[in-house]
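Here's the structure we're looking at; comments come further down.
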Amino acid sequence: QVQLVESGGGLVQPGGSLRLSCAASGSIFTAVGWYRQAPGKQRDLVAHISTGGSTNYADSVKGRFTISRDNAKNTAYLQMNSLKPEDTAVYYCNLASMPTYWGQGTQVTVSA
């Protein structure tokens, strides 16, 4: 089974940027989604990229976040700009080929 490792999170001030990475131990030639879960809330889809590169975003992050993938490196990315306190959450990536598998996630905290 492919293992996923998310990284790149941290503490950033409002308006700042972070780039998250999702490294897979095997091929990620499948649709990839980035999700986030804030304390006490459900896990929600933030961004999605198909095998062909088509992307979709939650309304709350449109224009600020960009999902991308590098199949040669078995890695997906989430570039997050103009971060807001409400973006604070643990971020997870998920592969469409393994919908029930979740990595450990990476914490993103947006605070002054």
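Values below: every heavy atom of this structure, side chains too, minus hydrogens, waters and symmetry copies. The residues of the chain are indexed from 1 along the displayed sequence.
A donor and an acceptor atom, one from each side chain of Tyr101 and Gln3, are located under 3.5 Å apart.
Between Thr109 and the choices Leu83, Val12, Leu18, Leu11, the side chain to side chain contact (heavy atoms under 4.5 Å, CB included) rule is met once, by Leu11.
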Passes side chain to side chain contact (heavy atoms under 4.5 Å, CB included), Arg43 versus Arg36? Steps please.
CA-CA 5 Å; Arg43 189 171 299 181; Arg36 67 186 180 188; over 6 Å; no

Show the numbers, then the answer: is there a side chain to side chain contact (heavy atoms under 4.5 Å, CB included) between Leu78 and Arg19?
CA-CA 6 Å; Leu78 186 67; Arg19 188 193 195 202; over 6 Å; no

Take Ser17 and Met80 through the test side chain to side chain contact (heavy atoms under 4.5 Å, CB included) and record every step on the way to the result.
CA-CA 5 Å; Ser17 298; Met80 306 187 297; over 6 Å; no

Side chain to side chain contact (heavy atoms under 4.5 Å, CB included) evaluation trace for Leu20 with Val108:
CA-CA 9 Å; Leu20 305 184; Val108 172; 4.0 Å; yes

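With contacts defined as side-chain heavy-atom distances shorter than 4.5 Å, the pair Asp70/Tyr77 qualifies. Val5 places a side-chain heavy atom less than 4.5 Å from the side chain of Gln104. Side chains of Ser111 and Pro85 form no contact here, defined as non-hydrogen atoms less than 4.5 Å apart. With contacts defined as side-chain heavy-atom distances shorter than 4.5 Å, the pair Phe65/Asn81 does not qualify. Between Leu95 and Val2, the closest side-chain pair of non-hydrogen atoms falls below 4.5 Å.
The shortest heavy-atom contact between Thr30 and Ala96 is OG1-CB, 3.5 Å. Taking both residues in full, the closest heavy atoms of Ala89 and Gln107 are given as O-NE2, 3.4 Å, listed atom of the first, atom of the second, then distance.
Remark: side-chain polar atoms of Ser21 are not paired, donor with acceptor, to backbone N or O of Ala23 under 3.5 angstrom. At distances below 3.5 Å, at least one donor-acceptor pair connects side-chain atoms of Asn94 with backbone N or O atoms of Pro99. Side chain of Thr88 to backbone of Glu86: no donor-acceptor contact under 3.5 angstrom is found. Gln37 contributes no side-chain N or O that, together with a main-chain N or O of Tyr91, makes up a donor-acceptor pair within less than 3.5 Å.
Atoms CD and SG, from Glu6 and Cys93 in turn, are 4.0 Å apart once rounded to the nearest 0.5 Å. Atom CH2 of Trp34 is separated from atom OG1 of Thr106 by 7.5 Å, given to the nearest 0.5 angstrom. From Ile67, atom CD1 reaches atom NE2 of His48 across 7.5 Å, with rounding to the nearest 0.5 Å.
Residues satisfying the side chain to side chain contact (heavy atoms under 4.5 Å, CB included) criterion with Lys62, sequence neighbours excluded, are Tyr57, Asp59. Take Arg64 and apply the salt bridge (charged side-chain N to carboxylate O under 4.0 Å, His left out) test, not counting sequence neighbours, and it matches Asp87.
Clustering of Ile, Leu, Val, Met, Phe, Trp and Tyr by side-chain heavy atoms under 4.5 Å joins Leu45 with Tyr35, Val90, Tyr92, Trp102.
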